[in-house]
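Let me begin by presenting the structure, written as C-alpha cells, before commenting on it.
Convention: sequence-line order gives letters A, B, ...; per-chain numbering from 1.
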Amino acid sequence: MIRLGIPSKGRLMGQTFHWFSERGINLVRSESDREYAGHIEGIKNVQLIFLSASEIPRELSAGRLHFGVTGNDVIQEKLVRFNQLVEPISELGFGFADLIIAIPSFWVDVDTLDDLDAVSAQFRDNHGYRLRIATKYHRLLREFLMQTGVADYQIVDSQGATEGAVKNGLAEAIADITSTGNTLRANHLKILSDGLILKSQATLFKSLMAEFSQEENQVANLLVKKLSTKD
Amino acid sequence: MTVLKDISLEAKNLAAIFEATGAEVVEMDFLQISNLLLDLYGEDIRGRAFITNDPVYGEMMLRPDFTVPIVEQHMANNVSPARYTYCGKVFRRQEEFPDRPREFLQVGYEIFDGANPAKADAEVFSLVNDALSGIKVRISTGDIGILMAAVSSLSTTETRKKSLLRHIWRPQRFRTLLNQFSGLSSKPHPIKDAKEYNKIIDKFEIIGSRNVREIKERLQQIKLESETDPINSEEVKILDDILSLKDKCTEALRYLEKLSKKMPGIELTVENFAKRLTFLEKNGIKVDLLDFEGSYGRTSMEYYDGFVFGFYSETHKELAPVATGGRYDALTERMGPGKKIPAVGAVLRPDLTLLLRENYHD
C-alpha cells in the first residue's frame with residue numbers, strides 16, 4: 001500500500017486536490033470529512049494520509065510516507081541533508097512563498113545584510129543584549145546568517161503571527177515567509193534587499209527512506225507517470 | 001571500531017601526562033546554562049550543542065567544551081597562577097558531518113599564568129606533541145594575535161578597526177569590510193545623504209526597541225565613513241601578506257620581522273612569536289620543520305586570540321583534528337571584567353589517538 005501525505009487544511013489542500021485532478025487523478029477524502037484519510041479513484045493500493053504540512057517532512061524522512069506534498073521551506077528547515085532523505089518529483093506551481101528577513105520600515109539606515117550586521121553590533125553595545133530575530137525557521141536563518149557573516153543576533157522562537165513580533169516588543173527583526181508582502185507592510189516592516197533566504201512552493205516529494213515492495217514500486221511508477229502529464 | 005573500554009584506558013594514559021605536571025584535576029557539570037555560551041559564541045553554538053530545558057534555569061546545554069566552564073570557575077576563585085587538567089565527555093550536534101560522533105571524550109590541559117606567556121604556550125604545545133608521539137600527524141600553527149595587532153595598527157578610524165576585529169573569525173565578512181574600507185569595493189553605501197533620510201524616518205511608525213536616536217547616530221556614521229579616506233594600499237598589502245603567509249616557523253618569523261619594520265604595531269606580537277619558538281626549541285621541537293599559517297585558526301571557535309595549533313591525522317584525513325589548542329586571554333577578560341589573566345590550553349581526542357595508534361587493531 002502506497003502512503004501519500006496530503007496537507008490536511010485550507011487552501012493548500014484544495015489546490016493539491018485540484019493539481020492532482022488536472023492530471024487525471026481524483027483524490028477522494030473518506031466519507032466523513034472529519035476523518036483524515038482517503039483514497040484515489042481508480043487506483044488501488046494508494047492510501048491518502050492527511051497531515052499538517054509541517055509534519056509531512058518528518059514522516060517522509062522516517063519512511064512512513066512514500067510520497068508527500070509540502071513546501072520545500074519546511075523540508076529544508078526540518079530535514080538535515082534533506083536531499084539524501086527525499087527527492088522532489090514535481091513542483092506544483094502554488095503555495096509560493098519567499099523566506100525573507102524583514103526589519104522595521106523606519107530603519108532608513110538599513111538596506112542590506114551588511115547594514116544588519118553593523119546594526120547588530122551597535123544594538124548589542126547600546127542595549128547589552130543581542131538583536132532579536134523572531135522566526136520559526138531556526139536552522140535556515142542560522143545557516144544563512146553564518147554563511148553571510150552576520151554576528152551578534154539571537155533567534156527568538158515564533159510559531160505564528162511572526163509579522164507582529166516587532167510591534168509587540170518580542171523582537172527587533174523577523175525572518176518569515178511572504179508571498180505578496182502585504183502583511184509585512186501592514187505591520188510596518190520592509191524586506192532586506194539581499195535578505196532572501198529561500199524561494200519555496202508546494203512540491204511533491206518522494207521518500208528515499210521508505211521501503212517499496214515490488215508491487216508498491218509498480219503503483220509508484222504508474223502514479224509518477226500519470227502525474228507528469230496534464231490532461 | 002575502537003572499543004569504549006579501550007578509549008577510557010587511552011584517555012587515562014593521556015590524562016596521566018597532564019597530571020604529571022602537578023596540574024589540578026577538575027570536573028565540570030554536564031549541564032551548562034545556555035546564556036553564557038550564547039553570549040560568547042553567538043547563535044551559531046545552537047547548531048553545535050545539544051539544548052535542553054530546565055523549568056527554573058531555562059535553556060541549558062550539554063557542555064560542548066570544557067574551556068568556558070573552567071574559565072568561569074577560575075575567574076570565580078581567582079587564584080592564579082593555576083594549571084588544570086580534565087578528562088570527560090563533551091557533546092556536539094553533527095549537522096555538517098553526520099558521521100562524526102555526538103559524544104566523545106576530551107582530555108585537556110589549561111594554564112592560567114601571566115608570568116611568561118611564551119613559555120606557557122610552548123609548555124602546552126610540547127605536552128600535546130609528546131602525548132601524540134608515535135602517531136603520524138600533520139601540525140598546523142598560527143598566531144591570531146599578530147593578525148589582531150596588524151588590524152589595530154592600521155592608520156584609520158577606531159570604528160573601522162573595531163568592525164574588522166569583530167570579524168577576524170569570519171574571513172568572508174572581514175574581506176568585504178576590508179575591501180570597503182580600502183576603497184576596493186566599487187559599491188558605495190546607498191545611503192549617503194543623511195539629512196534626506198533623517199526627514200523620512202517620520203513617515204513610518206516607530207516600532208521595536210531600536211530607537212530613532214540610534215538610527216540618526218548610524219546615519220551620521222555612514223556619512224562619516226563615506227568621507228573617511230580609504231586605508232592606504234601599503235597597509236592593506238601588509239595585512240594580506242600576513243593573511244597569506246604559509247611557511248616553516250623559522251622562515252615565517254624572519255618574514256614577519258621584516259614586515260614589522262614597515263608596521264611597528266605588530267612588533268610586540270612578533271617578538272612573542274620569537275620567544276615562543278625559543279622555548280619550543282628548548283623543549284626539543286624542531287621549529288624549522290614546523291608549519292606556520294598567518295590565517296590558521298580564523299574559522300574555529302572565536303575565543304583564541306594568540307598562539308593557535310592543531311594536530312591532524314596524516315593517514316585519516318577525514319577525521320576531526322586529534323588535538324587543538326591555543327591562547328585565549330580575551331576570554332578571561334570577558335568572563336571576569338577587570339581580572340584578565342593570560343591563559344592557554346589544549347584538548348586531545350582519545351578516541352582518535354587510539355584509532356591512529358599503529359599497534360591498535362580493530
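In this structure, the side chains of A:His188 and B:Ile206 stay at 4.5 Å or more apart for every pair of heavy atoms. Residues A:Gln147 and B:Gln172 have side chains not in contact (no heavy-atom distance under 4.5 Å, counting atoms from C-beta outward). Contact check for B:Arg210 versus A:Asn126: no side-chain heavy atoms found under the 4.5 Å cut-off.
Counting only distance, with no hydrogens or angles, the side chain of B:Arg218 and the backbone of A:Val119 share no donor-acceptor pair below 3.5 Å.
Residue A:Lys78 places its NZ atom among 12 or fewer non-hydrogen atoms of other residues, nucleotides or ligands, all under 6.0 Å distant. Within 6.0 Å of atom CD in A:Glu87, more than 12 heavy atoms from other residues, nucleotides or ligands are found, so the atom counts as buried in its surroundings. Around CD of A:Glu211, the count of heavy atoms belonging to other residues, nucleotides or ligands within 6.0 Å does not exceed 12. Within 6.0 Å of the CE atom in A:Met209, the count of heavy atoms belonging to other residues, nucleotides or ligands does not exceed 12. Within 6.0 Å of the OH atom in A:Tyr129, the count of heavy atoms belonging to other residues, nucleotides or ligands exceeds 12.
A:Gln122 contributes atom CD, which lies 11.5 Å from atom OG1 of B:Thr159 (distance to the nearest 0.5 angstrom). Separation of atoms NE2 (A:His127) and CG (B:Asn211) is listed at 5.5 Å; rounding is to 0.5 Å. The CE atom of A:Met146 lies 4.5 Å from the CG atom of B:Asp44; values are rounded to the nearest 0.5 Å.
Across all non-hydrogen atoms, the minimal contact from A:Ser120 to B:Arg166 is CB-NH2, 4.2 Å. The two residues A:Thr148 and B:Arg173 make their nearest non-hydrogen contact at O-NH2, 2.9 Å. The nearest pair of heavy atoms linking A:Gly149 to B:His167 is O-CE1, 3.5 Å.
Heavy atoms closer than 4.5 Å to chain B are found in the side chain of A:Leu189, but not in its backbone. Only the side chain of A:Glu143 has a heavy atom closer than 4.5 Å to any heavy atom of chain B. Contact annotation for B:Asp39: both backbone and side-chain heavy atoms come within less than 4.5 Å of a heavy atom of chain A. With a 4.5 angstrom heavy-atom cutoff, B:Leu177 does not touch chain A via any of its atoms. The part of A:Glu172 that comes within reach of chain B is its side chain, from C-beta onward, which places non-hydrogen atoms under 4.5 angstrom from that chain. Only the side chain of B:Arg93 comes within contact range of chain A, with heavy atoms under 4.5 Å apart.
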Fill in: Derivation and outcome, side chain to side chain contact (heavy atoms under 4.5 Å, CB included), residues A:Phe106 and B:Val212
CA-CA 8 Å; A:Phe106 86 101; B:Val212 174; 4.1 Å; yes
Item to complete: For side chain to side chain contact (heavy atoms under 4.5 Å, CB included), just list the numbers for B:Glu43 and A:Leu141, CA-CA rounded to whole Å, side-chain angles, deciding distance to a tenth of an Å, and then say yes or no.
Response: CA-CA 10 Å; B:Glu43 207 61 31; A:Leu141 176 64; over 6 Å; no
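Ranked by non-hydrogen atom pairs under 4.5 Å with chain B, the options A:Ile155, A:Val80, A:Val150 are led by A:Ile155. Counting heavy-atom pairs closer than 4.5 Å to chain A, the top-ranked of the candidates B:Lys203, B:Glu214, B:Lys162 is B:Glu214. Residue with the most contacts toward chain A among B:Gly47, B:Ser209, B:Pro171: B:Ser209 (heavy-atom pairs, distance under 4.5 Å).
A donor-acceptor pair shorter than 3.5 Å cannot be found between the side chains of B:Gln221 and A:Asp109.
Every pair tested for ring-ring contact (aromatic ring centres under 6.0 Å, His included) that includes a residue from residues 132-161 of chain A fails, sequence neighbours excluded, so the list is empty.
Remark: B:Arg170 does not engage A:Asp117 in a salt bridge, criterion side-chain N to carboxylate O under 4.0 Å. Between A:Arg81 and B:Glu95 there is no salt bridge, since no side-chain nitrogen of the basic residue lies less than 4.0 Å from a carboxylate oxygen of the acidic one.
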